[in-house]
Every structure is written in structure tokens, then in C-alpha cells.
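Reminder, nothing fancy here: chain letters follow the sequence lines and each chain counts from 1.
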Amino acid sequence: MPELPEVETIVRGLREALTGLRIRAVHLRNSKIVRNSPALFRRSLTGARICAVRRQGKFILIDLESARTLVIHLRMTGQLILVPERAPVDQHTHVLFDLTPEGRQLRYRDVRKFGRLEIQEPGWPLPHLTALAPDPFELSARELFLKLREKKRAIKPLLLDQNFLSGLGNIYVDESLYRSQIHPLTPANGLSEVQAGRLHRVIRRVLRQAILAKGTTVSDYRGPEGIIGGFQHFLRVYGCTGEPCRVCGTPIQKSRVGGRGTHSCPGCQSLPKLPPANQA
DNA sequence: GACAACCTGACC
DNA sequence: GGTCAGGTTGTC
């Protein structure tokens, strides 16, 4: 579900709502969602005061006064929502945090149960986070170009690799490559500095616009107050299979790249060189 | 690099 | 019954 703009929207909402509050109690209904033992998890959070809420790539970090951090990844269908404490709890809600002095509860809900919550101890950064690459706002066009030049992998799977560049997922990669007129299978080291610069600019613009729209809701995504995003109305290729490209009119094509559904325009996004040795 | 795995629900 | 889904990880 969530990519950088959705996670950023959630983080802003939680920062506003949670900073300065204390977690009065933790209710764990499904302990598989939590990487720590239930005892450690509960002990670390009960009574803890929240001093900051941050984002790193697609991770949500809730910093506690104890110097511990609650690290959350929503994967496909995870949601963090704020609801009145007495609101009914459905079968997909797995962790609940009572807050004080606030009548609301923070709930982790996740239909597919792929998401994870984990406590990061002071001085022991989680390997997932230390391996994480910078996001597109933490990297210059020049830096991106130099990194691309070292990789011969296809550009799309590379942009999805969180240890190469963090924050992008399937929607925003397809949208960015289309708007940069780059074929998803282009070898990364085959991009010129001009192309890399355009890609960098386009990625930032798409992400900024999506954050302004409070994310993209295809099906499950909700902000912390339960509201859906608005960027789905601005998508030009993702989920637009068969519709005419707004630049050249060619029907948008759906294919499979690196195992992921991939939307592109055969007219605007052409591969620079065909695979070698195919002509007589 | 391709593919299965982790899960559930929606859709054909 | 099968396929697909906004993500990541582990295996051939």
C-alpha cells in the first residue's frame, strides 16, 4: 500500500496528534506482527512518552523519551489510525495503544498481516534502517547519476530497491518513468546525465504533488484520521491500462518487469538499444 | 534474475 | 478454480 507520500502523510498526522502524549497501555491481539517478544514490546512502550515522529524511506519511527524508538513498516495493507478508545475493534486490528491524556487510541490494522512493528534500543540501530538508502529528497541529481552509472540492472527494479534509493514503490516508479520517458527495462548505466537529471526532477515533482494530495488511494490506503488520498486522480499510467497516452495517444500497456505489474507507454518510452545480436 | 513465501480479499 | 494486489525477504 504505502509508498513515500502515503507514509509522509501518516507521519505528519501522527506527529501532530501524538507528540508529547504518553502510551498508557498496549494491547497485543496478534503477536506475529511484533518482532520483539510481547513482554519486551509491552515493557518498552507502557508509560513511555512520545517525543517525535519521523519517516525514513517507508519506515515510520516513533521516538520515545527513553531513547528507544518504535519502528513500523506497513508493507502492503498496514494502517495506523486514531480512533476513540471505545470504537469497535475489527478482526484486522492487531495492536492498540491507549494514549494519555487523550481519549483516542492509536491502532495498527493490517488485513494481510505483512507489516511489522519493532522496538529499536538506544545504540542498536536496526539493520533494516542502516541498510536503507537515502530517499529522492536526500540526494542530488548528480549523486543519483553517479549511482546509476555503477549499475547495469534495469532501471525499474533498481528504483524499487530500497537499498539503492528509498521511498519509491510500484505506483510512483511507473509514474516517474513514464513522465521521464524512460523505458522500465533501460539499463541504469545506459542513462545519460541529462536523462538522470530529468528523472531526478520528475521523481521529486511527482512525490511532492502526491504528498500535497495526501497520498494515493487505490484500495486500502487511509491517513491516520481515516481519510483517503487524492493523487489517484492524477495518475497517468498506473492503473490506466488500455487508455490512450495523453501525449501520443498510444494505448497504455501493462507488462511484467522484475515480477511487478508495470504500466508504460510503448510510444513515449522506448528502449534505446535493442538486446544485442538480433539482426542478420 | 526469476520465483516462492508471507496473508487476505476482490474480481473473473 | 485461478489471478491479481501499493512490499520485502529468502531461496534456487
Side-chain angles (χ1 to χ4, degrees), chain A residues 1-11 29-35 55-60 71-80 90-95 108-118 126-133 135 151-178 184-189 203 206-207 209-211 213-223 227-242 253-264 275:
Chain A
M1 153 186 103
E3 307 180 32
L4 187 151
E6 292 75 38
V7 175
E8 180 65 25
T9 302
I10 293 166
V11 162
R29 304 179 74 222
N30 182 343
S31 52
K32 289 192 73 171
I33 299 290
V34 172
R35 286 191 196 278
R55 176 185 65 73
Q56 233 179 292
K58 301 176 192 171
F59 287 87
I60 297 164
V71 179
I72 301 169
H73 199 300
L74 305 170
R75 294 284 180 96
M76 293 286 267
T77 51
Q79 301 174 332
L80 281 169
D90 75 13
Q91 56 166 337
H92 298 121
T93 300
H94 309 300
V95 191
Y108 181 75
R109 187 172 178 276
D110 191 344
V111 170
R112 291 175 74 177
K113 297 184 249 188
F114 288 171
R116 289 294 178 262
L117 279 63
E118 184 170 10
L126 298 181
H128 286 127
L129 292 179
T130 51
L132 201 61
D135 73 35
K151 303 285 182 182
K152 58 179 202 284
R153 268 219 275 170
I155 186 70
K156 164 150 181 174
L158 188 60
L159 293 177
L160 287 172
D161 181 346
Q162 303 297 299
N163 299 330
F164 178 81
L165 181 71
S166 68
L168 292 182
N170 210 28
I171 295 179
Y172 297 107
V173 165
D174 280 4
E175 289 295 321
S176 300
L177 290 176
Y178 167 72
L185 287 173
T186 311
N189 60 6
I203 289 173
V206 167
L207 294 180
Q209 289 175 345
I211 292 169
K214 305 198 185 299
T216 300
T217 298
V218 170
S219 58
D220 298 288
Y221 170 70
R222 295 289 124 92
I227 60 168
I228 68 170
F231 196 71
Q232 60 277 14
H233 302 300
F234 300 95
L235 297 176
R236 296 183 190 171
V237 284
Y238 187 88
C240 300
T241 312
Q253 184 182 67
K254 182 156 182 199
S255 61
R256 203 151 276 275
V257 174
R260 310 295 304 275
T262 297
H263 311 75
S264 60

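- Counting non-hydrogen atoms under 4.0 angstrom, A:T77 reaches nothing in the nucleic acid.
- Remark: A:E6 CD to A:Q79 CD distance equals 12.0 Å, nearest 0.5 Å.
- The NZ-P distance, from A:K156 to B:dA2, rounds to 13 Å in whole Å.
- The side chain to side chain contact (heavy atoms under 4.5 Å, CB included) with A:Y108 is formed by just one residue from the set A:V34, A:L80, A:N30; it is A:L80.
- By the criterion of a centre-to-centre distance under 5.5 Å and near-parallel planes under 30°, the ring of A:F114 forms a stack with the base of B:dC6.
- When distances run from any side-chain atom of A:N170 to the nucleotides C:dA5, B:dT8, C:dG7, the shortest one goes to C:dG7.
- Across all strands, A:G261 comes closer than 4.0 Å only to sugar-phosphate atoms, never to a base (heavy-atom distances).
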N/O contacts under 3.5 Å, protein versus nucleotides 9-12 of chain B?
{"from": "B:dG9", "atom 1": "OP1", "to": "A:H92", "atom 2": "NE2", "distance (Å)": "3.2"}

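- The pair A:R75-A:D110 does not count as a salt bridge, with every side-chain nitrogen at least 4.0 angstrom from each carboxylate oxygen.
- Distance, A:M76 CE to C:dT8 P: 10 Å, rounded to whole Å.
- Among A:E3, A:H263, A:E175, A:K156, the one residue that satisfies the side chain to side chain donor-acceptor pair (under 3.5 Å) test with A:N170 is A:K156.
- B:dA2 and C:dA5 have their P atoms separated by 16 Å, with the value rounded to a whole Å.
- A heavy-atom distance below 4.5 Å is not found between the side chains of A:L4 and A:L168.
- The shortest side-chain heavy-atom distance between A:L177 and A:L159 falls under the 4.5 Å cut-off.
- Spacing between atom CG of A:D174 and atom P of C:dG7 amounts to 10 Å, rounded to whole angstrom units.
- Taking 4.0 angstrom as the limit, A:R112 places none of its side-chain polar atoms (N or O) nearer than this to OP1 or OP2 of C:dC4.
- Residue A:R260 places its side chain closer to C:dT8 than to any other of B:dG1, B:dC7, C:dT8.
- The backbone N or O of A:R112 sits less than 3.5 Å from a side-chain atom of A:T77, completing a donor-acceptor pair.
- Separating the CD atom of A:E6 from the P atom of C:dA5 is a distance of 17 Å, rounded to the nearest angstrom.
- Relative ring orientation between A:Y172 and A:F231 is described as tilted, the plane-to-plane angle lying within the 30° to 60° band.
- Across B:dC6 and C:dG1, the matching C1' atoms stand 22 Å from one another, rounded to whole Å.
- If you check every strand for non-hydrogen atoms under 4.0 Å, A:R116 touches nothing.
- In this structure, OH of A:Y238 is placed 7 Å from P of C:dA5, rounded to the nearest angstrom.
- For the pair A:R222 and A:T217, the minimum side-chain heavy-atom distance is below 4.5 Å.
- Among all heavy-atom pairs drawn from A:N163 and A:A131, the shortest one is OD1-O, 3.0 Å.
- Residue A:D110 contributes atom CG, which lies 16 Å from atom P of B:dC6 at whole-angstrom precision.
- Atom-to-atom, CD1 of A:I60 to P of C:dT8 comes out at 12 Å; the value is rounded to the nearest Å.
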Taking Watson-Crick and G-U wobble pairs with both distances under 3.5 Å, convert DNA chain C into its dot-bracket string, 5' to 3', dots for unpaired and | for cross-strand pairs. |||||.||||||
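- The phosphate of B:dC6 (OP1 or OP2) has no side-chain N or O of A:K113 nearer than 4.0 angstrom.
- Nucleotide C:dG7 holds its P atom 13 Å from the CG atom of A:L159, rounded to whole Å.
- Taking each heavy atom of A:G261 and A:R256 in turn, the nearest pair found is N-NH1, 4.0 Å.
- Within the 4.0 Å cut-off from OP1 or OP2 of C:dT8, at least one side-chain nitrogen or oxygen of A:H73 is found.
- For A:K254, no side-chain nitrogen or oxygen approaches OP1 or OP2 of C:dC4 to under 4.0 Å.
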Quick test: give all pairs of protein nitrogen or oxygen and nucleotides 9-12 of chain C nitrogen or oxygen below 3.5 Å, distance rounded to 0.1 Å.
{"from": "C:dT9", "atom 1": "OP1", "to": "A:H128", "atom 2": "NE2", "distance (Å)": "2.9"}

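- Within the structure, every side-chain polar atom (N or O) of A:K32 is placed at least 4.0 Å from both OP1 and OP2 of B:dC6.
- As judged by a 4.0 angstrom heavy-atom cut-off over every strand, A:G259 is placed among residues making no nucleic acid contact.
- Across A:K32, A:R109, A:K113, a single residue satisfies side chain to side chain contact (heavy atoms under 4.5 Å, CB included) together with A:H94, and that is A:K113.
- Proximity of A:L74 to A:Y221: side-chain heavy atoms (C-beta onward) are nowhere separated by under 4.5 Å.
- Distance check on atom P: B:dG9 versus C:dT8 gives 22 Å, rounded to whole Å.
- The phosphate of C:dG7 has neither OP1 nor OP2 within less than 4.0 Å of any side-chain N or O from A:Q162.
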